[in-house]
S.K.: 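Below is the structure I would like to discuss, written out as structure tokens.
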Amino acid sequence: MKTCFIHSAICISAQETFYNNDFLKEASEVTTEFASAIHPVYKDYIPPAAIRRMAPGVKMGVVAAKQSLNEANINIPEAIIVGTGMGCIEDSEKFLNALIDNDEEFLAPTSFIQSTHNTVGAQIALGLQCKAYNMTYVHGAVSFESGLLDAQLLIQTSEAKTVLVGGVDELGKEFSVFFNKIEKQQPQGIQVPFGEGAGFFGMSSEKAGAFAILKDVQVFETVSVADITSKLKAFLTNNGLLFQDIDAILMGENGDAYDVYYHEMQASVFLKTPQISYKKVSGEFYTASVFGFWAGCHLLKRQEIPKILLKNSIEKKNYQHVLLYNQYKGKEHSFTLLSRC
Amino acid sequence: MKRGVAITGMGIISAIGTNVEENMTALLFSKTGIGEISNITTRHQKDIKVGEVANTNSQIAKSLQLPENTIFSRSALLGSLAAKQALENAQIERISEYRTGLVSSTTVGGMDLTEKHYKTFQSNPETLKYLKSHPAGDSTQKIAEQLGITEFVTTISTACSSAANAIMLGARLIKAGKLDRVIVGGTDCLSKFTINGFKTLMILSNENCTPFDANRKGLNLGEAAAYLVLESEAVIKKANKKVLGYVSGYANANDAFHQTASSAEGEGAFLAMQKALKVANLQPEEIDYINAHGTATLNNDLSESVAIKRIFGDAVPDFSSTKALTGHTLAAAGAIEAVYSIVSLQEQCVFPNVNFKQPIPELNIPPAVKFQKKKVRHVMSNSFGFGGNCSSLIFSSE
Amino acid sequence: METLRQELKENIIEQLNLEDFTVDDIADDDRLFGDGLGLDSIDALELIVMLDKNYGIKLTDPKEGKEIFVSIAVLAEYIATHRTK
């Protein structure tokens, strides 16, 4: 089986992560109600004819994808894989409102066409004229990780030599407000703001030029808090590792009652491990773990942890293996293991 | 030759039946499920025809024995019903006995509930509970709960090729030894959102659709759900299981031509069929029947026919679209047509393309118009969607 | 007729998100599709909705649009003759 090497990691987020190369030196916790993305100048990357119909999510996805391929020196990938929890929610809102407000009359097609979940993947393919494998995963907080799993499978089995994989979600205008309301109704709802962003990664079976390896991904729907540590142990054992081999853990804490899953590990097996918590700077959204994955990649590349992300004060000289763990409301769990190459 | 991935169970609910037997009977007698819409109130009631599942939500909820006040989108209801049938058909009692995953697919998701309550989310916080069904993964989670699957669960949404891609992923996961058993398929209910969306594209016919006919006027939307149980060689041997057929070939390609339209030369469709044959290690002449995508839009049927001709040359096998009976069920299409492909293998027959009169003049390759018994060893099933997403599957009897 | 042409240009720019265009950039005889404004089949569907909504003209077949959406001049002419509102 081939190894899945990571050649590029590009992210558009609520922080200055696209143009700025300082790895979150100037980043700060988001204090606004929503963690809106800092958008690049899209016109520099997308032709006018294509851009005019694109909602923010599509623009973020297409530009992050383009930049990721550039950095990975991949012209046309042999697979394009996108994860998105909510899909193109802004155009869904537009078409829904038009449909209801006009009582099914005088409806224009554009927002319907653009509302389809696979729009980002399709627009990337269209822009590149890439006729290869093209897939979109839409399973909540494991949308991106399902894509990672597929990417790794394609490379391991030699079905593809190069893969572009990423995740994207946009805030939209109404659904995010409604989901916020739901959180406020909870006794201990999500504490970090809802956000948006996109991250894309160039992967290949070639080692030259790579800075990290996607070792393994596990996606599972449910597990009890009591069983989470043994579940992780089995995952690590499968990869020939022990808890103490993990040099940093990146966890998707968002302040809600389900953070107990993370606390369970932080207070036991990872007590002496550098602990990273990132959603206070990225915001929470179904593909927020893309930000964590991006940070994990750059951590391995630069061998440092940005101060803003470090939860405990433990640091290490060398970072060889990095583990990501994310879940949403006690469901949609994922372990992702990255290694330096 | 190495075998494909074994199929040990299937379940289905569509406009032509609420289980495999009813669907099979309707196929054998070309009984159509297309008619006037009744479960949804829409302004377009008189100018569209749909393939609607007759059962109401409360009827399905009752047969699933759901507690009184549970909120299930119609996609989740249809999906749960079909997936449960599939497990039963595969005679699986202990789901956790093997590493079992669920790969479902949908495009509509919980839109039926969202569009009903959208304007009250702001004013009445009580109704926000309906919003929780909106994300595309929700119906999959409901199905996973119904089946008791706790491990790998995911959802695919690649427009009208969604379920074909779910079947493909399941087969790949088993081949690679990542899972022992995967339930794969798709579910989509009718909604005002999709009805009006397709209406704006002006590709809905106001009559019963006529796939591959020279005078075709567009498609009929439908709703359905179908699931297959895929199991590894090791499980089959150990449990001595009956195999219904094999997923022997699969491929996914992109047309990269237009957000909604297919290219004139059918490049994406051509590549998908070509790659699927390669994965199955088959020559074009070994395909005995093609269950075509055949939506009955001007664009798809021409583009697909061109692609078929490019692959098969002068020896185009019997092909037909069953969408004239079921309507176009979007994400579920690849799954219900997978069930029909397996029925074709089991019954050794080819289903007719109903409502067909005249071939498309540019190509002159007419579809199969009569039900016929014949030797069927390999069936190809095509599913193409918006965004250029084209997938092709091959099912084999051994 | 001049007012109608002006109105059409404004609506087309807004409806089709032609951000880089102003009313002055579109001549009455410029081709709307292909080399001219570069509109495509999705825009044609948008224009059909505009005809219906603003002028009460219903086209049932997208092909009918081909002869009407040639240029602003041709479109204005057609609307002037067929409008019901």
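In what follows, chains carry the letters A, B, and so on, assigned in the order in which the sequence lines appear, proteins first and then strands, with residues in each chain numbered from 1.
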S.K.: Show me, pair by pair, the donor-acceptor contacts under 3.5 angstrom made by side chains of residues 354-364 of chain B, not counting sequence neighbours?
M.R.:
from, atom 1, to, atom 2, distance (Å)
B:N355, ND2, B:C209, O, 2.7

S.K.: What distance separates C:F33 CZ from C:L47 CG, expressed to the nearest 0.5 Å?
M.R.: 5.5 Å

S.K.: By side chain to side chain donor-acceptor pair (under 3.5 Å), which residues pair with B:T329, not counting sequence neighbours?
M.R.: none

S.K.: Do B:S392 and B:N382 meet the criterion of a side-chain donor-acceptor pair at a distance under 3.5 Å?
M.R.: yes

S.K.: When you look at B:T114 and B:H134, which way does the side-chain hydrogen bond (donor to acceptor under 3.5 Å, both in side chains) test go after all the steps?
M.R.: CA-CA 6 Å; B:T114 305; B:H134 184 86; 2.8 Å; yes

S.K.: Can you list every pair that meets salt bridge (charged side-chain N to carboxylate O under 4.0 Å, His left out) and has a residue in residues 109-119 of chain B, with sequence neighbours left out?
M.R.: A:D101-B:K119

S.K.: Between chain B and chain C, identify every pair of one donor and one acceptor N or O atom lying under 3.5 Å apart.
M.R.:
from, atom 1, to, atom 2, distance (Å)
B:H258, NE2, C:S41, OG, 3.3

